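The model shown is predicted, which means the values in this text are computed figures rather than measured ones. Positions are given from 1, in the same order as the sequence printed here.
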Amino acid sequence: MGKTIVCPCHDVTVEDIRATYAAGYTHPETLKRATAAFMGPCQGKHCAGAVMSLLRELTGEPAGETAGETVTRRPTARPPLRPVALGLLAAAAEAGPEIGPEIGPEIGPETGGTGAVGATTGGA
């Protein structure tokens, strides 16, 4: 019998969820941290339904509550710390690993940057 993947971004399987639940990670937030489900590039858009359904099955509770706490509420998706210009990401991908955090401060309203690739905080 093959493994059933519930989180394709991180290859989390039904067996992984069951084992993690049995180890005591019974809340969606702790399950998220232990398995990385909900944390892939899709931020849970592909796995939330399957993982939450499996969690309800494991708790033995109908869609609703477990010990006064709602199980059906999926973990919080967190946005990036600050917006990143797509051009900056494209430039970083083209340049390779030598482009790093040193280009980050050049963008954003706090530095007066435009967000465009090559933007500077100084004059023309």
Side-chain angles (χ1 to χ4, degrees):
M1 181 174 172
K3 294 183 178 186
T4 303
I5 294 177
V6 292
C7 177
C9 295
H10 287 292
D11 293 332
V12 178
T13 65
V14 170
E15 294 80 12
D16 295 333
I17 299 290
R18 289 182 190 278
T20 304
Y21 183 86
Y25 299 93
T26 58
H27 189 274
E29 286 288 343
T30 59
L31 196 68
K32 169 185 169 181
R33 284 161 179 75
T35 64
F38 305 105
M39 296 173 74
C42 78
Q43 292 292 291
K45 290 178 185 78
H46 296 300
C47 66
V51 173
M52 296 308 293
S53 176
L54 181 56
L55 187 56
R56 283 191 301 274
E57 175 188 315
L58 290 170
T59 62
E61 299 289 332
E65 298 184 16
T66 295
E69 192 170 84
T70 303
V71 171
T72 56
R73 183 176 179 158
R74 65 174 263 200
T76 306
R78 292 178 176 85
L81 182 61
R82 63 179 178 199
V84 178
L86 290 178
L88 184 62
L89 295 175
E94 290 174 5
E98 62 274 2
I99 285 189
E102 66 276 1
I103 63 171
E106 293 180 355
I107 63 169
E110 66 279 355
T111 59
T114 63
V117 175
T120 62
T121 58

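Residues satisfying the side-chain hydrogen bond (donor to acceptor under 3.5 Å, both in side chains) test with Thr13, not counting sequence neighbours, are Glu15, Asp16. Residues satisfying the side-chain contact (heavy atoms from CB on, under 4.5 Å) test with Ala34, not counting sequence neighbours, are Thr20, Tyr25.
Cys9 contributes atom SG, which lies 11.5 Å from atom CE of Met39 (distance to the nearest 0.5 angstrom). Atom-to-atom distance recorded for Leu54:CG and Thr59:OG1 is 9.5 Å, nearest 0.5 angstrom.
Across all their heavy atoms, Pro8 and His46 have their closest contact at CG-CB, 4.1 Å. When all heavy atoms of Cys47 and Cys7 are compared, the closest pair comes out as CB-CA, 3.6 Å.
In this structure, His10 places its NE2 atom where more than 12 heavy-atom neighbours from other residues, nucleotides or ligands lie under 6.0 Å away.
Without hydrogens or angle criteria, His27 side chain to Glu29 main chain gives a donor-acceptor distance under 3.5 Å. Distance alone, capped at 3.5 Å, is enough to place a donor-acceptor pair between the Thr35 side chain and the Leu31 backbone.
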Report task. With side-chain contact (heavy atoms from CB on, under 4.5 Å) as the test, would you mind laying out the steps for Tyr21 and Glu57 before giving the verdict? Result -> CA-CA 11 Å; Tyr21 183 86; Glu57 175 188 315; over 6 Å; no
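Residues Met52 and Leu58 share a hydrophobic cluster, clusters being chains of Ile/Leu/Val/Met/Phe/Trp/Tyr side chains in contact below 4.5 Å.
Between Val12 and Ile17 there is a side-chain heavy-atom pair separated by less than 4.5 Å.
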